[in-house]
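In what follows, chains are A, B, ... by sequence order, proteins preceding strands, each numbered from 1. As a basis for the values below, the full set of heavy atoms in this structure was taken, side chains included, without hydrogen atoms, waters or symmetry mates.
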Protein chains: 2
Amino acid sequence: MPPTEVTLKDIARAVGKSVATVSKALRGHADISPEMRALIAQTAAEMGYTPNITARRLQKKRTDAIGLILPVQSARRADPFFTELLTGIANEAARHNFDLLVSARTPGSDEREAYRRLAAERRVDGLIIAQPRRNDWRIEFLTTRHLPFVVAAHQPVPPHPAVWVNAETGILQAVVHLVEENRRQIAFIAPPTDLLFHQTAVRAFGNAIAAQPELSGGIVSDLTEMSQKEGYRAAQHLLAESPPDAIVACHDLVALGAMKAAQDQGFEIGDDIAVVGFGDILLAEYSQPPLTTVHRPTDTLGQHACRLLLAAIGAIEDSPPPAEIEPWLVVRQSSNLEFWV
Amino acid sequence: MPPTEVTLKDIARAVGKSVATVSKALRGHADISPEMRALIAQTAAEMGYTPNITARRLQKKRTDAIGLILPVQSARRADPFFTELLTGIANEAARHNFDLLVSARTPGSDEREAYRRLAAERRVDGLIIAQPRRNDWRIEFLTTRHLPFVVAAHQPVPPHPAVWVNAETGILQAVVHLVEENRRQIAFIAPPTDLLFHQTAVRAFGNAIAAQPELSGGIVSDLTEMSQKEGYRAAQHLLAESPPDAIVACHDLVALGAMKAAQDQGFEIGDDIAVVGFGDILLAEYSQPPLTTVHRPTDTLGQHACRLLLAAIGAIEDSPPPAEIEPWLVVRQSSNLEFWV
DNA sequence: AGTATAAACTTAAACGTTTAAATTGTCAAG
DNA sequence: CTTGACAATTTAAACGTTTAAGTTTATACT
């Protein structure tokens with residue numbers, strides 16, 4: 001049913017030359033005469049030729065595709081972070097004529113299978129690993145397979161190639177801001193302990209607190225998952241006994257859940273208690289009250305990760321992008337007394 | 001650097017047979033003796049053989065890949081709807097050993113180029129079109145190219161293959177609920193007019209209103225984009241003069257924006273004014289107050305769309321999935337007086 | 001005139017599969 | 001002991017590119 005594809009052979013027949021000539025003409029090789037090159041280009045255009053990338057891939061032994069496997073808990077609970085990361089990667093990949101293969105898997109055996117598929121069957125030239133974990137088997141897997149990869153993270157991941165948003169300075173900014181707002185009892189809802197992000201975040205929070213002479217100390221609470229639900233639960237616990245006057249959350253969704261927990265217990269957000277998130281997802285601006293949060297340029301993260309990966313693959317020879325991306329604090333009503341005067 | 005791939009040729013050499021024998025043995029053809037088949041299977045496993053899918057694709061003239069191009073306004077404004085749709089598609093595709101190629105483009109010339117790439121260069125065997133528009137050039141393009149596609153929509157899209165969430169009954173449920181809550185002045189914030197969803201939604205709302213003898217009539221307001229920002233703006237206008245006592249929005253994000261607008265103007269949501277969304281994104285449950293909304297099983301939509309596409313491609317011979325998916329209303333605080341007693 | 005050089009091509013092999021058709025050998029039936 | 005059938009395997013071509021190496025023809029230099 002589809003009109004059969006035009007191949008180099010067809011063009012060769014049409015212009016009465018060999019397939020090799022046509023191929024070289026179209027690729028702009030120097031050893032084809034300018035007239036012939038023009039003729040072939042025109043004929044190709046007239047016949048509606050488009051190269052068969054599969055054949056090209058076989059010949060070149062490159063797929064010109066990269067992969068991304070989203071670690072999602074379920075379809076519904078997909079994190080806005082990933083969407084932003086994905087669009088960043090997708091745009092950059094498209095700019096360089098690369099395909100982006102996407103899978104969405106729950107961490108576990110399914111996920112392993114997805115990596116096996118992409119890596120072992122060489123469906124892609126490289127992968128981007130999002131949200132690295134402690135002793136991440138994905139990193140180990142790809143390393144032993146010699147498949148290029150780049151980690152999109154919140155801290156360096158030596159000795160592996162990575163791009164990261166500086167979570168440390170982000171969290172520091174949040175704490176400094178809260179101190180300026182005269183908050184003295186700051187709690188931190190930390191990422192799940194199996195994430196690399198956990199250690200970085202907890203350390204950063206600890207350092208930030210230690211650097212503030214006004215503060216006695218901080219309370220840290222962990223999550224099993226960065227979701228509203230978990231944020232709600234964690235905040236409930238924090239508020240149950242000697243409630244803090246500020247909460248910093250490792251993720252906006254968590255902050256939103258925490259805010260709701262506080263509200264349900266009768267706290268006035270921004271007055272009785274301040275809440276600060278991390279990420280600045282689009283919704284942060286539209287929560288009630290609007291959420292103060294650390295803006296993470298997630299699509300830039302994806303874009304840089306993609307560029308670094310393409311450089312590692314050898315597909316581009318631009319200078320590599322900066323590895324570290326600085327986040328910044330966006331102050332809104334959930335932490336700012338002035339809004340309440 | 002990567003350990004050179006094991007090919008059929010290597011296995012053939014190892015067992016002293018021809019490449020054809022090995023190929024057929026591994027594919028389970030009947031004309032290879034059972035012993036030889038076993039030997040080859042074992043040898044292949046020992047040598048760590050994995051088929052080269054590019055070669056296979058060239059030979060079979062199929063890519064075993066499908067494409068999805070997300071129409072996004074920007075990385076940051078990516079719609080949770082697409083994420084859910086994507087995971088639904090991705091999971092189903094993976095089940096059938098298909099790759100999913102994803103691109104994210106702003107509607108316009110970039111988007112065209114993305115379709116050209118995937119379609120003309122035959123990088124995929126088929127595509128899923130999300131959020132169909134009026135006189136959708138994407139549909140026309142794929143039709144003339146004879147590339148299989150399926151539309152994921154909110155209504156049938158004759159004569160094209162489609163899967164849809166029944167927006168009509170969803171909106172009807174919302175209106176009926178509001179009437180039961182004694183709302184009499186119901187406004188509707190409709191989708192952008194360039195979407196097919198627009199007509200369906202407006203018609204459905206009109207019919208729903210007409211079927212309720214208690215109601216005088218409904219007010220309809222349009223958007224340029226289904227975002228919080230636009231929802232905010234639209235609601236501001238609605239509330240400026242003779243405010244309605246209920247607002248139905250075509251999208252949860254829009255509803256969230258509308259809710260905020262109402263709150264900013266001093267309305268008490270759920271009391272002075274009811275707000276109902278469409279979609280039931282995860283956040284709906286965690287807004288303040290929680291949002292009453294029409295639950296759209298978006299990942300099911302993606303899953304069914306994928307199955308239908310695979311069937312159209314001829315990759316599976318299951319009976320096609322049901323084309324229509326029924327949404328249901330989830331009542332929460334933003335529309336329910338009981339919460340306020 | 002003879003030789004080197006260059007320009008403009010063509011030939012042929014390769015990438016790793018799949019599969020229709022051909023080949024070889026074995027065995028049973030006539 | 002010939003014929004035919006069948007099982008097990010091989011041969012060869014094909015999928016559509018790319019590219020190293022080879023060929024032809026024209027031009028320039030000695």
Check each residue of residues 56-64 of chain B for a non-hydrogen atom within less than 4.0 Å of any atom in DNA chain D, then write out the ones that pass by number, or none. Leu58(B), Gln59(B), Lys61(B)
Can you list the residues that meet the salt bridge (Lys or Arg N to Asp or Glu O under 4.0 Å) rule with Arg123(B), with sequence neighbours excluded? Asp99(A), Glu121(B)
Counterpart residues, ring pair (Phe, Tyr, Trp, His ring centres under 6.0 Å), relative to Phe197(B) (two or more places apart): His154(B), Phe278(B)
Arg112(B): what forms a salt bridge (Lys or Arg N to Asp or Glu O under 4.0 Å) with it, not counting sequence neighbours? none
If you restrict it to nitrogen or oxygen atoms, what contacts under 3.5 Å exist between nucleotides 25-28 of chain D and the protein, and what is each distance?
none

What's the verdict on side chain to side chain contact (heavy atoms under 4.5 Å, CB included) for Arg122(B) and Ile53(A), showing C-alpha distance, side-chain angles and the deciding distance? CA-CA 8 Å; Arg122(B) 306 254 155 187; Ile53(A) 37 118; 5.9 Å; no
Test Leu127(A) against Val124(A) for side chain to side chain contact (heavy atoms under 4.5 Å, CB included), laying out the working first. CA-CA 7 Å; Leu127(A) 285 147; Val124(A) 295; 4.1 Å; yes
Sorted by chain and number, sequence neighbours left out, salt bridge (Lys or Arg N to Asp or Glu O under 4.0 Å) with Glu113(B) holds for Arg116(B)
Quick check: does any side chain N or O of Ser103(B) sit under 3.5 Å from a backbone N or O of Ala114(B), one acting as donor and the other as acceptor? no
CA sep, side-chain torsions, deciding dist, call: Leu308(A), His304(A), side chain to side chain contact (heavy atoms under 4.5 Å, CB included): CA-CA 6 Å; Leu308(A) 189 60; His304(A) 287 196; over 6 Å; no
Contacts under 3.5 Å, N or O only, protein and nucleotides 5-12 of chain D:
from    : atom 1 : to       : atom 2 : distance (Å)
dT9(D)  : OP2    : Ser33(B) : N      : 3.3
dT9(D)  : OP2    : Ser33(B) : OG     : 3.1
dT10(D) : OP2    : Ser18(B) : N      : 2.8
dT10(D) : OP2    : Ser18(B) : OG     : 2.9
dT10(D) : OP2    : Thr21(B) : OG1    : 2.3
dT10(D) : O4     : Lys24(B) : NZ     : 2.9

Donor-acceptor contact below 3.5 Å, side chain Thr83(A) vs main chain Ala78(B): no
Given axes from five pairs at either end, by how many degrees does the helix from dA1(C)-dT30(D) to dG30(C)-dC1(D) bend, rounded to 10°? 70°
Whether the side chain of Asn91(B) engages the backbone of Gly88(B) through a donor-acceptor N/O pair (distance < 3.5 Å, no angle test) should be reported. no
Could you pull out all residues at least two apart from Arg105(A) that satisfy salt bridge (Lys or Arg N to Asp or Glu O under 4.0 Å)? none
Could you walk me through whether Ile129(B) and Tyr115(B) pass side chain to side chain contact (heavy atoms under 4.5 Å, CB included), step by step? CA-CA 10 Å; Ile129(B) 293 187; Tyr115(B) 274 88; 4.3 Å; yes
Leading and trailing nucleotides of DNA chain C with any atom under 4.0 Å from heavy atoms of chain A: dA8(C) to dG16(C)
Answer yes or no: are there more than 12 heavy-atom neighbours, outside Asn135(B) itself, under 6.0 Å from its atom CG? no
Show me, pair by pair, the donor-acceptor contacts under 3.5 angstrom made by side chains of residues 15-29 of chain B, not counting sequence neighbours?
from     : atom 1 : to       : atom 2 : distance (Å)
Ser18(B) : OG     : Ala20(B) : N      : 3.4
Ser18(B) : OG     : Thr21(B) : N      : 3.2
Ser18(B) : OG     : Thr21(B) : OG1    : 3.0
Lys24(B) : NZ     : Asp31(B) : OD2    : 3.4

Quick one: list whatever passes side-chain contact (heavy atoms from CB on, under 4.5 Å) with Ala104(B), sequence neighbours left out. Thr87(A), Ala90(A), Leu70(B), Val72(B)
